[in-house]
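A quick write-up on the structure given underneath.
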Amino acid sequence: MKNELSVYWSSFEFAHEKNNVNLKGGFVYCLVKAFDARDAINKIESALKLQNLICIKMDYVSIYEENMEWETEEQTRNFNRLYNMAQNNRDVNFDDFYSYQTD
(Lines give C-alpha, C1' and ligand atoms only; values in the text may rest on other atoms or scores of the structure.)
Protein backbone atom coordinates (compact mmCIF):
# COMPACT_ATOMS: atom_id res chain seq x y z
CA MET A 1 0.00 0.00 0.00
CA LYS A 2 1.29 3.47 -0.87
CA ASN A 3 1.75 6.10 1.85
CA GLU A 4 0.06 8.87 -0.10
CA LEU A 5 -3.51 9.26 -1.27
CA SER A 6 -4.48 9.52 -4.94
CA VAL A 7 -7.87 10.04 -6.55
CA TYR A 8 -9.18 6.82 -8.09
CA TRP A 9 -12.18 6.47 -10.34
CA SER A 10 -14.41 3.58 -11.18
CA SER A 11 -17.39 2.56 -13.25
CA PHE A 12 -19.51 -0.32 -12.08
CA GLU A 13 -22.87 -2.02 -12.25
CA PHE A 14 -24.92 -2.44 -9.11
CA ALA A 15 -28.02 -4.25 -7.90
CA HIS A 16 -30.52 -3.10 -5.31
CA GLU A 17 -30.18 -5.12 -2.10
CA LYS A 18 -33.81 -4.53 -1.18
CA ASN A 19 -35.84 -4.11 -4.33
CA ASN A 20 -38.80 -2.05 -3.10
CA VAL A 21 -38.77 0.36 -6.02
CA ASN A 22 -39.08 -2.05 -8.97
CA LEU A 23 -35.52 -1.37 -10.08
CA LYS A 24 -33.30 -4.20 -11.26
CA GLY A 25 -29.96 -2.42 -10.98
CA GLY A 26 -27.89 0.19 -12.74
CA PHE A 27 -24.47 1.75 -13.20
CA VAL A 28 -22.56 4.75 -11.92
CA TYR A 29 -19.15 6.42 -12.03
CA CYS A 30 -17.44 7.54 -8.85
CA LEU A 31 -14.21 9.11 -7.63
CA VAL A 32 -12.59 8.54 -4.25
CA LYS A 33 -9.32 9.41 -2.56
CA ALA A 34 -7.48 6.22 -1.59
CA PHE A 35 -4.04 4.73 -0.95
CA ASP A 36 -4.37 2.17 -3.75
CA ALA A 37 -6.96 0.40 -5.90
CA ARG A 38 -7.85 -2.14 -3.16
CA ASP A 39 -8.46 0.70 -0.69
CA ALA A 40 -10.66 2.45 -3.30
CA ILE A 41 -12.68 -0.74 -3.88
CA ASN A 42 -13.23 -1.19 -0.13
CA LYS A 43 -14.42 2.41 0.22
CA ILE A 44 -16.75 2.11 -2.79
CA GLU A 45 -18.28 -1.16 -1.58
CA SER A 46 -18.83 0.32 1.91
CA ALA A 47 -20.50 3.42 0.47
CA LEU A 48 -22.77 1.25 -1.71
CA LYS A 49 -23.76 -0.90 1.24
CA LEU A 50 -24.92 2.22 3.11
CA GLN A 51 -27.31 2.84 0.19
CA ASN A 52 -28.52 -0.79 0.10
CA LEU A 53 -26.69 -1.40 -3.18
CA ILE A 54 -24.41 -4.28 -4.15
CA CYS A 55 -21.63 -4.06 -6.72
CA ILE A 56 -22.17 -6.80 -9.29
CA LYS A 57 -19.49 -5.85 -11.84
CA MET A 58 -16.68 -3.33 -11.48
CA ASP A 59 -15.39 -2.31 -14.90
CA TYR A 60 -12.14 -0.74 -13.63
CA VAL A 61 -10.50 1.10 -10.76
CA SER A 62 -7.62 3.36 -11.72
CA ILE A 63 -5.97 6.64 -10.85
CA TYR A 64 -7.92 9.54 -12.32
CA GLU A 65 -5.81 11.83 -14.49
CA GLU A 66 -6.68 15.41 -13.62
CA ASN A 67 -6.29 16.59 -17.23
CA MET A 68 -8.53 13.86 -18.69
CA GLU A 69 -10.69 15.13 -21.54
CA TRP A 70 -14.23 13.98 -22.13
CA GLU A 71 -16.46 14.04 -25.21
CA THR A 72 -18.19 17.26 -24.20
CA GLU A 73 -17.23 20.32 -22.22
CA GLU A 74 -20.16 19.63 -19.86
CA GLN A 75 -18.82 16.13 -19.09
CA THR A 76 -15.33 17.55 -18.54
CA ARG A 77 -16.69 20.15 -16.09
CA ASN A 78 -18.73 17.51 -14.28
CA PHE A 79 -15.78 15.15 -13.78
CA ASN A 80 -13.48 18.04 -12.84
CA ARG A 81 -16.04 18.91 -10.14
CA LEU A 82 -16.11 15.31 -8.89
CA TYR A 83 -12.29 15.21 -8.95
CA ASN A 84 -12.06 18.40 -6.89
CA MET A 85 -14.60 17.03 -4.41
CA ALA A 86 -12.57 13.82 -4.09
CA GLN A 87 -9.37 15.82 -3.55
CA ASN A 88 -10.99 17.67 -0.65
CA ASN A 89 -12.74 14.85 1.21
CA ARG A 90 -12.48 11.14 1.88
CA ASP A 91 -16.02 10.35 0.74
CA VAL A 92 -16.95 8.34 -2.33
CA ASN A 93 -18.13 11.00 -4.78
CA PHE A 94 -20.75 9.50 -7.07
CA ASP A 95 -21.85 10.83 -10.43
CA ASP A 96 -25.52 10.40 -11.43
CA PHE A 97 -26.92 6.92 -10.81
CA TYR A 98 -28.55 5.29 -13.82
CA SER A 99 -31.01 2.50 -12.98
CA TYR A 100 -32.71 -0.25 -14.93
CA GLN A 101 -36.33 -1.11 -14.22
CA THR A 102 -37.56 -4.65 -13.73
CA ASP A 103 -39.62 -6.26 -16.48
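Side chains are part of it too, since the values below use all heavy atoms of this structure and drop only hydrogens, waters and symmetry mates.
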Evaluate the side-chain proximity of F12 to V61: yes if any heavy-atom separation is below 4.5 Å, no if none is. no
A34 and A40: which non-hydrogen atoms are nearest, and at how many Å? CB-N, 3.5 Å
Under a single-linkage definition using a 4.5 Å side-chain heavy-atom cutoff for Ile, Leu, Val, Met, Phe, Trp and Tyr, are F79 and Y60 assigned to the same hydrophobic cluster? yes
State yes or no: do I63 and I41 share one hydrophobic cluster built from I, L, V, M, F, W and Y residues joined by side-chain heavy-atom distances below 4.5 Å, directly or via other members? yes
Output for pair (K33 NZ, D91 CG), nearest 0.5 Å, gives 11.5 Å
Atom CG in N88, atom OH in Y83: separation rounded to 0.5 Å? 10.0 Å
Sequence neighbours left out, what passes side-chain contact (heavy atoms from CB on, under 4.5 Å) with A86? Give chain and number order. V7, L31, N93
Would you find more than 12 non-hydrogen atoms of other residues, nucleotides or ligands less than 6.0 Å from Y29 atom OH? no
Sequence neighbours excluded, every pair satisfying side chain to side chain donor-acceptor pair (under 3.5 Å) that has a member inside residues 42-52: R38-N42
Mind running side chain to side chain contact (heavy atoms under 4.5 Å, CB included) on F94 and L82 for me, showing each step along the way? CA-CA 8 Å; F94 292 104; L82 289 170; over 6 Å; no
Between CZ of F27 and CZ of F97, what distance do you get to the nearest 0.5 Å? 11.5 Å
Under the side-chain hydrogen bond (donor to acceptor under 3.5 Å, both in side chains) rule, collect the residues that match up with E73, sequence neighbours excluded. R77
Determine the minimum heavy-atom distance between H16 and S99, stating which atoms define it. NE2-OG, 3.9 Å
Please determine whether side chain to side chain contact (heavy atoms under 4.5 Å, CB included) holds for the pair F14 and I54, giving the CA-CA distance in whole Å, both sets of side-chain angles, and the decisive distance to 0.1 Å. CA-CA 5 Å; F14 60 86; I54 302 166; over 6 Å; no
Any non-hydrogen side-chain atom of C55 less than 4.5 Å from a side-chain atom of I44? no
Measure the CD-CG distance between E13 and L53 for me, rounded to the nearest 0.5 Å. 13.0 Å
Please evaluate residues N84 and R81 with respect to the criterion side-chain hydrogen bond (donor to acceptor under 3.5 Å, both in side chains), reporting the C-alpha separation (whole Å), side-chain torsions for both, the decisive distance (0.1 Å), and the verdict. CA-CA 5 Å; N84 289 330; R81 178 185 59 81; over 6 Å; no
Quick check for you: to the nearest 0.5 Å, what is the distance between T76 atom OG1 and M68 atom CE? 10.0 Å
According to a 4.5 Å side-chain heavy-atom criterion applied to Ile, Leu, Val, Met, Phe, Trp and Tyr, with indirect links allowed, do V28 and W70 form part of one hydrophobic cluster? no
W9 CH2 to S62 OG distance, which is reported to the nearest 0.5 Å: 6.5 Å
